[in-house]
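Data first, discussion second: the structure below is written as structure tokens.
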Protein chains: 2
Amino acid sequence: MDERKRLILNAIIQDYIYSAEPVGSRTLVKRHRIGLSPATIRNEMADLEEMGYLQQPHTSAGRIPSPRGYRFYVNTIMEDYVPSPGELKKIGELIAAAGLTLPQSPRQMAKFLAAVTNYISLIAGPADNLQEIRHINLVPYSISSVICVIVLSDGAVKHHAIGIPEGVNPGEIEALARFLQKNLQGLKLNEITPRILAGLKADFTGSQRLVEEISLLVKHLALVHAQDLVMDGTANLLKEPEFRDIQKVREVFETLEQGEQILRLLVADPGPMDGLGVRIGPEIGLDSFADCSLVVATFLLADRQVTLGVLGPARMQYAKTIGLIRWLQEYFSSGGY
Amino acid sequence: MDERKRLILNAIIQDYIYSAEPVGSRTLVKRHRIGLSPATIRNEMADLEEMGYLQQPHTSAGRIPSPRGYRFYVNTIMEDYVPSPGELKKIGELIAAAGLTLPQSPRQMAKFLAAVTNYISLIAGPADNLQEIRHINLVPYSISSVICVIVLSDGAVKHHAIGIPEGVNPGEIEALARFLQKNLQGLKLNEITPRILAGLKADFTGSQRLVEEISLLVKHLALVHAQDLVMDGTANLLKEPEFRDIQKVREVFETLEQGEQILRLLVADPGPMDGLGVRIGPEIGLDSFADCSLVVATFLLADRQVTLGVLGPARMQYAKTIGLIRWLQEYFSSGGY
DNA sequence: AATTAGCACTCAATATACGAGAGTGCTAAC
DNA sequence: GTTAGCACTCTCGTATATTGAGTGCTAATT
């Protein structure tokens with residue numbers, strides 16, 4: 001990958017992000033002032049395609065970046081982006097309009113982030129997973145079900161009905177209740193790892209089915225009670241030409257409605273460094289998001305950890321989006337608020 | 001409007017709801033066993049169109065119901081619908097899956113309602129507008145802004161920055177603060193009517209601009225603090241053939257993201273009787289929802305007033321949707337939970 | 001050895017024509 | 001009052017050309 005290829009790849013990606021149309025050798029030469037003929041570009045393009053950075057929708061179409069191409073762009077080509085004065089003005093106005101409650105209201109924050117980026121904003125937080133389980137109990141409810149009641153140290157009470165498998169007697173349920181109290185009480189939510197849950201299952205000698213259900217419940221609690229998901233700007237996705245296909249849109253929206261899955265996306269792997277991560281297309285790990293990219297940033301906001309994400313098309317304005325998020329990260333966590 | 005016309009209108013609407021295609025005289029005769037020839041039907045159809053109950057997308061297409069046609073259908077033709085055993089089974093399963101927290105969790109409730117109806121569900125609640133304003137104050141923040149702090153009787157604190165118009169001095173702000181305390185403290189949120197706010201403006205002798213802003217803020221608070229909007233099933237809309245047009249979808253989704261507007265839709269006019277209302281197409285009062293219909297039901301759930309809405313295409317399965325909501329209304333408020 | 005001009009070829013997109021099909025309104029017969 | 005018959009309308013799908021942007025390859029040029 002020599003300097004010239006990088007230059008060309010850069011030009012192609014930028015053009016494509018701008019126009020959403022496959023870019024050909026001729027147009028590329030015309031738009032950027034590279035001192036090369038289309039034929040040369042064609043050769044380079046063929047190389048880049050072979051290397052996996054570009055794709056061709058069909059023979060005799062221009063090239064579009066592959067996920068790998070975007071990845072390379074984000075990792076090594078892309079230059080840092082600083083919000084323009086115009087953008088800063090817009091940001092300022094939005095912040096002013098939202099008022100001082102902005103950083104404390106995930107909803108407002110989501111609206112704000114969506115307005116700034118023009119993509120879908122996802123906010124998980126404030127994370128509150130330092131709460132611990134004060135009390136856990138199983139209360140008989142009917143012949144075939146018990147209610148699992150969990151009290152957290154902040155006073156929140158969670159309860160959920162669980163069916164009793166065939167052949168489990170009351171004594172066993174009491175035993176499980178004591179077992180759970182012994183093993184889970186006092187644990188902080190963020191300490192409840194899959195490992196602990198596996199241990200739970202291994203250690204308990206009674207009905208596996210039952211302990212399995214409880215373990216699922218607790219896991220769910222740890223993930224979701226603590227995190228509150230809010231999103232906004234979903235309509236923005238419909239502006240993107242690659243989502244003119246209703247079918248595709250529907251898949252994305254259906255996934256977005258699975259709040260838990262999205263939360264996991266945001267919370268898992270907060271990003272390699274300085275709390276910022278970019279996941280491109282298939283890297284997200286969801287089929288329905290194969291044509292999307294996700295920028296995630298985690299930081300402290302009013303003493304609480306907040307994760308905010310921006311979901312857009314894979315053909316995202318990476319530099320701008322990442323630049324904006326960096327700026328916001330700085331702005332909000334610097335205590336300016 | 002004689003009996004025969006009603007019969008025909010009914011048949012047309014049911015066919016159209018089912019097929020989403022304009023229905024013609026020939027098909028109508030074939031599908032329903034009416035003892036009439038297509039020609040006669042055609043005459044009747046022409047009459048019904050003249051009366052405003054039907055529309056023709058273009059000459060030489062079949063007829064589709066007009067909003068007025070749907071309205072007539074809902075008001076006088078439609079028969080009561082009782083959920084089928086299959087549906088009841090599905091409902092039961094969904095309720096079981098959600099667990100006992102269902103009625104207390106608007107989110108779960110929304111998911112549930114969307115799954116049951118296959119449309120978009122909107123939940124406003126639990127309504128908490130019996131809270132009263134304990135304390136209201138204006139705190140200087142910078143030269144050009146004050147923070148309006150409002151404390152509610154449940155302990156919630158709301159604050160919002162407000163710009164100070166030119167030429168307003170600190171004394172005036174203090175006066176306004178006292179004025180607000182005198183006039184608003186002790187009021188319940190549901191007592192804050194537009195009338196009261198208008199009185200506020202009329203009585204205050206200082207900067208109108210400022211009191212205007214405050215009044216807006218309080219109104220906003222009364223509407224929105226109390227009500228919490230949650231929705232689900234938005235992806236369901238994309239299944240409907242009339243929303244194959246991205247542009248239309250986008251308009252709907254953009255409106256849906258204006259939470260406040262939607263809240264107003266749900267809260268305003270809870271419905272003529274027994275807390276159930278149906279608004280069809282233009283009746284909703286939003287251009288973007290001109291092709292949608294909204295079913296709203298208000299009832300008490302776990303001692304709290306909850307409003308739930310179902311938003312679908314104007315070509316909605318009215319009987320079924322209304323029947324289901326009625327059933328849920330009964331089920332949840334009967335204390336079965 | 002790298003670059004480029006030239007050329008044949010490919011393929012999506014667009015326009016055009018055309019027939020099929022479903023539907024209507026109207027008139028005249030039943 | 002109802003219906004058969006008919007001419008007419010309009011959408012939709014299919015087939016067919018045309019266009020245009022783009023490619024890969026080869027041979028000439030630098």
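Below, read A as the first sequence line, B as the second, and so on, with proteins coming before strands; counting in each chain starts at 1.
Here dG22(D) presents its P atom at 11 Å from CD of Gln56(A), a figure rounded to the nearest Å. Distance CG (Asn43(B)) to C1' (dG1(D)): 10 Å, rounded to an integer number of Å. Atom pair Glu44(A):CD and dT4(C):P shows a separation of 11 Å (rounding to whole Å applied). In this structure, Leu28(B) atom CG and dA22(C) atom P are separated by 15 Å, rounded to whole Å. Rounding to whole angstrom units, CG of residue Asp47(B) and C1' of dG25(C) are separated by 13 Å. Distance Asp2(B) CG to dG1(D) C1': 12 Å, rounded to the nearest Å. Rounded to whole Å, atom P of dT3(D) lies 14 Å from atom CZ of Arg26(B). One can place CD1 of Ile41(B) at 9 Å from P of dT3(D), the figure rounded to the nearest angstrom.
Checked against a 6.0 Å centroid threshold, the rings of Tyr70(A) and Tyr53(A) do not count as neighbours.
For the OP1/OP2 pair of dA21(D) and a distance below 4.0 Å, the side-chain nitrogens and oxygens of Thr27(A) include no atom meeting the criterion. OP1 or OP2 of dT3(C) has not a single side-chain nitrogen or oxygen of Arg42(A) nearer than 4.0 Å. Between dT4(C) and Thr40(A), a contact under 4.0 Å exists linking OP1 or OP2 to a side-chain N or O. In this structure, Arg4(A) reaches the dT3(C) phosphate: one of its side-chain N or O atoms is under 4.0 Å from OP1 or OP2. Within the 4.0 Å cut-off from OP1 or OP2 of dA12(C), not a single side-chain nitrogen or oxygen of Ser60(A) is found. OP1 or OP2 of dC11(C) has at least one side-chain nitrogen or oxygen of Thr59(A) nearer than 4.0 Å.
The environment of Asp80(B) atom CG is sparse: at most 12 non-hydrogen atoms of other residues, nucleotides or ligands sit within 6.0 angstrom.
Exactly one of Glu44(A), Glu50(A), Glu49(A) qualifies for a salt bridge (charged side-chain N to carboxylate O under 4.0 Å, His left out) with Lys5(A). That residue is Glu44(A).
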Mind running side chain to side chain contact (heavy atoms under 4.5 Å, CB included) on Val295(B) and Leu276(B) for me, showing each step along the way?
-> CA-CA 7 Å; Val295(B) 179; Leu276(B) 199 149; 4.3 Å; yes

Residues Glu254(B), Ser288(B); criterion side chain to side chain contact (heavy atoms under 4.5 Å, CB included); working and verdict = CA-CA 9 Å; Glu254(B) 274 170 2; Ser288(B) 44; over 6 Å; no

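Taking the nucleotide of DNA chain D with the nearest heavy atom to each of His58(B) and Pro38(B), the more 5' of the two is matched to Pro38(B).
Listed nucleotides dT3(D), dT4(C), dG24(D) differ in distance to Leu36(A); the shortest reach to its side chain belongs to dT4(C).
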